[in-house]
*Asks:* 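Sending over a structure as structure tokens; questions will come in a sec.
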Amino acid sequence: MVDLAAVFARLEGAYGPQHWWPAETRFEVIVGALLMAQTSWSKVTEAIANLKRAGVLTPQTLAAMPIPRLRAMIRPAGLYRTKPRRLRGFCQHLVQVADGDLDRFFARDFGALRRELLSLDGVGPETADSILLYAGRFPTFVVDAYTVRFGRRMGWFPYDRYDSIKAFFETRLRPDRDRYGEFHALIVAHGKRTCRPRPLCARCPVNAACAFYAGNEDKRSGRGKIGDQAKRRHRFYIE
DNA sequence: GTCCGGCACT
DNA sequence: AGTGCGGGAC
């Protein structure tokens with residue numbers, strides 16, 4: 001029996017409200033999502049600030065911008081060979097199908113919209129769901145590497161397939177976009193601060209419900225079969 | 001060295 | 001399933 005509401009409450013209690021997505025407009029949310037891969041949010045913020053300062057942060061302007069100029073502005077976000085092309089491509093698509101109007105763009109069937117997003121270069125499932133949730137305001141659950149690691153350690157699922165994990169959450173939570181958005185943000189906070197590659201289980205707010213923590217009880221106590229050397233080898237981080 | 005709020009190639 | 005994409009922060 002997995003009580004997601006209880007886990008949510010404990011994460012919220014430990015980390016507080018996350019205020020996602022930190023952007024002024026829906027279009028900024030989308031630009032941020034497209035620039036996010038393999039970088040930190042502060043770098044994305046820097047890149048968006050460059051676009052704003054230059055006054056080019058509109059779908060029409062970005063859709064018509066030469067790649068080298070775009071590259072110079074979003075350089076802080078890294079992966080500069082791919083991201084400018086993807087950002088411009090998305091804007092061209094947005095202008096094409098909705099005249100750059102996000103109200104019109106999102107005012108369509110969810111399933112069709114998601115498939116359309118996934119067909120665009122640079123938009124995989126996580127980016128598509130981030131856009132649909134945080135910009136489109138659809139109740140769709142976002143899965144990322146933190147979610148996979150966290151859920152597997154908790155013992156909620158053994159697999160790492162995006163759609164299956166997404167379904168795990170969506171079948172257990174009422175479709176509520178604010179709650180979905182906050183839950184994902186809390187999982188990210190948890191993954192950064194506690195459920196790291198080397199987990200800080202001793203001060204984890206949900207360790208009482210965690211299979212990984214339970215499975216390592218003998219190692220924590222130091223009275224199990226596994227000695228100190230093996231503990232280090234297995235990379236369990238004991239506070 | 002590893003890590004970033006991934007994705008598209010092979 | 002493995003790897004290129006990039007460079008700053010730690």
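All chains are named by letter (A, B, ...) in the order of the sequence lines, taking the proteins before the strands, and each is independently numbered beginning at 1. Quick note: numbers below take in every heavy atom, side chains included, and nothing from hydrogens, waters or symmetry partners. None of the values given here were measured: they were computed from a predicted structure.
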*Asks:* Tell me the interatomic distance from A:E126, atom CD, to B:dC4, atom C1', rounded to whole angstroms.
*Replies:* 12 Å
*Asks:* Would you kindly give the CG-to-P distance between A:L87 and B:dC7, to the nearest whole Å?
*Replies:* 15 Å
*Asks:* In whole angstroms, how far is the C1' atom of B:dC3 from the CZ atom of A:R196?
*Replies:*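 Nearest whole value for this atom pair: 11 Å.
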*Asks:* Starting at CG of A:D144 and ending at P of B:dC3, how long is that distance when rounded to a whole Å?
*Replies:*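 About 15 Å, once rounded to whole Å.
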*Asks:* NA contact type, A:I74, heavy-atom cut-off 4.0 Å: base, sugar-phosphate, or nothing?
*Replies:*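 No contact.
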*Asks:* Among residues 38-47 of chain A, which ones have heavy-atom contacts with DNA chain B below 4.0 Å?
*Replies:*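 Hits under 4.0 Å, by residue number: A:Q38, A:T39, A:S40, A:W41.
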*Asks:* Is the closest side-chain heavy-atom distance between A:Y180 and A:R177 below 4.5 Å?
*Replies:*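 A side-chain contact is absent here, since even the closest heavy-atom pair is not under 4.5 Å.
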*Asks:* Indicate yes or no: at least one non-hydrogen side-chain atom of A:N50 is less than 4.5 angstrom from one of A:I74.
*Replies:*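 No. Closest side-chain heavy atoms not under 4.5 Å.
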*Asks:* Any side-chain heavy atom of A:L102 sitting closer than 4.5 Å to one from A:I30?
*Replies:*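 Yes, their side chains come closer than 4.5 Å.
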*Asks:* Does A:R179 count as lying over the ring of A:F183, i.e. NZ or CZ under 6.0 Å from the six-ring centre, within 45 degrees of the axis?
*Replies:*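 Judged by the rule (NZ or CZ under 6.0 Å from the ring centre, within 45° of its axis), A:R179 is not positioned above A:F183.
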*Asks:* Give the residues of residues 9-30 of chain A touching DNA chain C, defined as any heavy atom closer than 4.0 Å, sorted by residue number.
*Replies:*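 Under 4.0 Å from DNA chain C: no residue of residues 9-30 of chain A.
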*Asks:* Would you mind telling me which of A:E28, A:E24, A:M73 makes a side chain to side chain contact (heavy atoms under 4.5 Å, CB included) with A:L57?
*Replies:*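 Going through A:E28, A:E24, A:M73 one by one, the side chain to side chain contact (heavy atoms under 4.5 Å, CB included) with A:L57 is satisfied by A:E28 alone.
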*Asks:* Hey, where on DNA chain C does chain A first and last touch, going 5' to 3'? Cut-off is any atom under 4.0 Å from a heavy atom.
*Replies:* C:dC5 to C:dG8
*Asks:* Specify the separation, in whole Å, of atom CE of A:M36 and atom C1' of B:dC4.
*Replies:* 7 Å
*Asks:* As a quick check of understanding, evaluate side-chain contact (heavy atoms from CB on, under 4.5 Å) for A:D103 and A:R26, giving each step before the final call.
*Replies:* CA-CA 10 Å; A:D103 285 328; A:R26 291 191 301 171; 2.7 Å; yes
*Asks:* Can you find a pair of side-chain heavy atoms, one from A:Y213 and one from A:C204, that are under 4.5 Å apart?
*Replies:*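 No. Closest side-chain heavy atoms not under 4.5 Å.
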*Asks:* May I ask you to decide if A:V148's main-chain N or O and A:D160's side chain share a donor-acceptor pair within less than 3.5 Å?
*Replies:*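 Absent.
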*Asks:* Taking the P atom of each, how far is C:dA1 from B:dC4, in whole Å?
*Replies:* 23 Å
*Asks:* Whether the A:T140 and A:K166 side chains hold a donor-acceptor pair (N or O, under 3.5 Å, no angle test) is what I'd like checked.
*Replies:*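 Yes, a side-chain donor-acceptor pair sits under 3.5 Å.
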*Asks:* Could you walk me through whether A:R149 and A:D144 pass salt bridge (charged side-chain N to carboxylate O under 4.0 Å, His left out), step by step?
*Replies:* CA-CA 9 Å; A:R149 186 169 72 207; A:D144 66 349; over 6 Å; no
*Asks:* Does the A:R71 side chain pair with the main chain of A:Y80, one donor and one acceptor, at a distance under 3.5 Å?
*Replies:* yes
*Asks:* Could you pull out all donor-acceptor pairs under 3.5 Å where a side-chain atom in residues 87-98 of chain A meets a protein atom, sequence neighbours excluded?
*Replies:*
| unit_1 | atom_1 | unit_2 | atom_2 | d |
| --- | --- | --- | --- | --- |
| A:R88 | NH1 | A:M65 | O | 3.0 |
| A:Q92 | NE2 | A:A63 | O | 3.0 |
| A:H93 | NE2 | A:E116 | OE2 | 2.7 |

*Asks:* Take atom P in B:dC9 and the same atom in C:dG6, then report the distance between them in whole Å.
*Replies:* 14 Å
*Asks:* Apply side-chain contact (heavy atoms from CB on, under 4.5 Å) to A:V188 and A:W20, showing your working.
*Replies:* CA-CA 11 Å; A:V188 172; A:W20 273 30; 3.7 Å; yes
*Asks:* Tell me if a side-chain donor or acceptor on A:T39 pairs with a main-chain N or O of A:M36 at a distance below 3.5 Å.
*Replies:* no
*Asks:* Could you check A:Y134 against A:L120 and say which one's nearest nucleotide on DNA chain B is further toward the 5' end?
*Replies:* A:Y134
*Asks:* Nearest 0.5 Å please: distance from the CZ atom of A:R193 over to the CG atom of A:L11.
*Replies:*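 One finds 10.5 Å between CZ of A:R193 and CG of A:L11.
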*Asks:* Are the side chain of A:N216 and the backbone of A:F212 linked by a donor-acceptor contact shorter than 3.5 Å?
*Replies:* yes
*Asks:* Using a cut-off of strictly less than 4.0 Å between a heavy atom of the residue and any atom of DNA chain C, enumerate the qualifying residues of residues 76-83 of chain A by number.
*Replies:* A:A77, A:G78, A:L79, A:Y80, A:R81, A:T82
*Asks:* Please give me every residue in residues 155-186 of chain A whose heavy atoms get under 4.0 Å of an atom in DNA chain B, ordered by residue number.
*Replies:* none
